[in-house]
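Working notes for the structure below.
Keep in mind it's a predicted model, so treat the numbers as computed, not measured. Naming convention: chains lettered A, B, ... in sequence-line order (proteins, then strands); numbering from 1 in each chain.
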Amino acid sequence: MIIQSQRTTIRPMTTAHLAQTMTLMSLTADELRQKIEGELANNPALELVEERRCATCRRTLDAGGICPVCSRPEGILHEEPVVFISPREDFYTTRSATTSEELSDEEITADIEDLPTFVLRQIAPDLDPDDRPIAAHILTGLDEDGLLRIPLLEIARYHHVPISRIEKVLTLIQRAEPVGVGSSSPQEALLVQLSALSETQPTPPLASKAIQEGMDLMSRHQYAELGRLLNISTNQAKEIAYFISENLNPFPGRAHWGDIHQSAEPIQDVYHLPDIIISFLNNSAEPTLVIEIVAPLAGKLRVNPMFRSALAEAPSDKTEQWKGDIERASLLIKCIQQRNHTIVRLMQDLAVIQREFFLHGDACLEPITRASLAKALDVHESTISRAVSGKAVQLPSGRIIPLAKLFDRSLHIRTVLRQIIDQEKKPLTDTQLAKRLKEKGYPVARRTVAKYRSMEGILPAHLRQPVQLAQLTPQAR
DNA sequence: CTATGGCACGGATT
DNA sequence: AATCCGTGCCATAG
């Protein structure tokens, strides 16, 4: 709609405009910042001017010079969620400070998503610079499960160093998130995780023996055999197997494996900075939601008026180029405005629809589709897709989740499912679970229950322990 | 015989 | 057009 109104003004650039709006839409605030910075450096027509900000909360003041949050009487904000755009350059400064410290030079640059980079960043401070090539060698040799299939000896030969030095580096890597990465086998990964875990919480004393000697028995669920091997009862053997599958992950490279406590979540969180921040304005039972859309840069972009007026006196061979600069600048600005506008509207609607979710968590997530929202906002579906993908939102609790999670169709059911299982006295079978869910108003097929269960990392009924798991004999090690 | 996971199909979603 | 998701059917383990 808005695009069309501008089509007349920038006629020759319609396609470029559309294309750029599309690309900008799918960019993270952080990515957009980089793009703008690049453009600022290259394009003399573009300039960034200071903007007045609120003295207390540093948010950008609106046209009337009023802070959108602080300066207003609270009563006015009571009805609707507040949505506004706000620069949070402090995020970027802290981030670029840490990244530049840790990965001083070469190879690793942008790609946060890949595992080798992720690990290398963590170990960089403790890593002897001389050992960098070794670490790089190991990390690039990881398979998709995060395991190292290359023999250490081979690496040692390649670098002409004693194997002990390789081991030293490897130890460092294995202690990084995801813990156990770089191990040569699932067993080794489990052992590393076990010893890491034992520093913070009690672990079953025989777990390591079970992993070392009874791995194949466990994977075949032959608990009686396992019990005999460890000189304990079948039930105790089951407990140990249960502990291992609940808390450890034989394939550290695979992100999901259902432990909410340590490895899985932080990884997701580390991946991105928030693009949107949600908080409460007041602490009442019915708090007002404050939704900040993170602006890529503090200040306001505009076409430099000096540059524009200088155009008349430009040397003849430069006028074309200068015109182009000005056009590029104004195009960029328009596209950014459009992007912001869409995101603001998107969040306004989401704030209303998902209010309960922001307040009370996963169980209250309203299952909506991007398509339905697109209709409500009267934009094309793909626009919503672009706006949503890759972005992250910070909840009032401080958790950072992908924006796409607000469009999860089954999260609420999975949450209820987990609640049922948490409260169960005896392990319920999938069929029984399906029945319970139906009673609660979530009709799902038995097969689907199984899928949700595994998504949540919950074991099948016959492996869940009805008895006291917490009372595992806490012996000295 | 029951509980569960794998494969694959069709419809919805992106 | 490509992908994701819920579900049914079937093989397998216990």
Side-chain angles (χ1 to χ4, degrees), chain A residues 18 21-28 214-228 233-235 237-239 241-242 245-246 249-251 254-258 342-343 346 349-350 353-354 362 365-392 401-418 420-421 424-438 440-466:
Chain A
L18 278 171
T21 317
M22 271 160 48
T23 37
L24 289 190
M25 191 60 76
S26 51
L27 292 185
T28 303
M215 196 62 185
D216 51 331
L217 295 178
M218 276 194 284
S219 54
R220 267 180 270 134
H221 305 307
Q222 295 171 345
Y223 302 114
E225 279 287 314
L226 182 66
R228 206 150 355 116
S233 76
T234 306
N235 246 358
K238 272 191 189 173
E239 276 176 28
Y242 178 79
S245 66
E246 267 297 285
N249 178 359
F251 306 105
R254 299 184 194 168
H256 300 290
W257 227 62
T342 310
I343 297 182
L346 172 78
D349 273 33
L350 272 179
I353 297 169
Q354 303 291 21
D362 287 1
L365 185 75
E366 195 69 26
I368 53 167
T369 67
R370 307 174 197 333
S372 65
L373 209 71
K375 224 187 299 156
L377 291 180
D378 199 24
V379 294
H380 194 9
E381 299 165 8
S382 65
T383 310
I384 303 288
S385 281
R386 289 173 193 286
V388 166
S389 73
K391 309 253 176 13
I401 60 169
L403 186 54
K405 193 165 171 178
L406 300 184
F407 295 87
D408 192 313
R409 274 176 288 168
S410 58
L411 183 69
H412 57 139
I413 306 188
R414 295 207 304 273
T415 312
V416 174
L417 176 67
R418 214 168 23 190
I420 294 178
I421 293 179
E424 79 190 359
K425 298 198 186 108
K426 258 171 119 71
L428 297 166
T429 68
D430 289 348
T431 319
Q432 293 166 314
L433 288 169
K435 205 168 140 218
R436 289 284 187 90
L437 281 172
K438 191 170 188 173
K440 292 202 172 213
Y442 304 101
V444 283
R446 180 242 105 204
R447 189 65 190 78
T448 311
V449 172
K451 283 256 159 100
Y452 288 171
R453 217 178 14 76
S454 67
M455 275 173 147
E456 297 297 318
I458 299 169
L459 288 171
H462 60 276
L463 291 179
R464 264 179 271 141
Q465 216 52 33

Rounding to a whole Å, what distance do you find between [X]:[atom1] and [N]:[atom2]?
| X | N | atom1 | atom2 | result |
| --- | --- | --- | --- | --- |
| A:K438 | C:dT7 | NZ | C1' | 14 Å |
| A:D408 | C:dG6 | CG | C1' | 13 Å |
| A:K435 | B:dA3 | NZ | C1' | 16 Å |

Do any side-chain nitrogens or oxygens of A:Y452 fall under 4.0 Å of OP1 or OP2 in C:dG6?
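Looking at the OP1 and OP2 atoms of C:dG6, one of them is under 4.0 Å from a side-chain N or O of A:Y452.
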Quick one, give me the B/S/- string for nucleotides 4-14 of chain B, reading 5' to 3', where B means a protein heavy atom under 4.0 Å from the base and S means that only happens at the primed atoms, P, OP1 or OP2.
BBBBB----SB
Give a yes or no answer on whether the side chain of [X] reaches the backbone of [Y] with a donor-acceptor pair at less than 3.5 Å.
| X | Y | result |
| --- | --- | --- |
| A:Q354 | A:L406 | yes |
| A:R464 | A:L459 | yes |
| A:S410 | A:I413 | no |

Residue pairs meeting salt bridge (Lys or Arg N to Asp or Glu O under 4.0 Å), one or both in residues 441-451 of chain A, sequence neighbours left out, come to none
Is A:V449 close to A:Y442 at the side-chain level, that is, under 4.5 Å between some pair of heavy atoms?
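No, side chains not in contact.
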Check every strand shown and say whether A:S382 touches a base, only sugar-phosphate, or nothing at a heavy-atom separation below 4.0 Å.
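Result for A:S382 = nothing.
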As an exercise, state the distance from CG of A:L433 to CZ of A:R453, rounded to the nearest 0.5 Å.
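It comes to 7.5 Å.
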Measure the CD1-CG distance between A:I384 and A:L377 for me, rounded to the nearest 0.5 Å.
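If we round to the nearest 0.5 Å, A:I384:CD1 and A:L377:CG are 5.0 Å apart.
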What stems involve DNA chain B, if each pair must be Watson-Crick or G-U and both of its distances must be under 3.5 Å, with 3 or more such pairs in a row?
B:1-14 with C:1-14
When you check the gap from the basic side-chain N to the acidic O, do A:E424 and A:R436 get nearer than 4.0 Å?
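Judged by the 4.0 Å cut-off on N to carboxylate O distance, A:E424 and A:R436 do not form a salt bridge.
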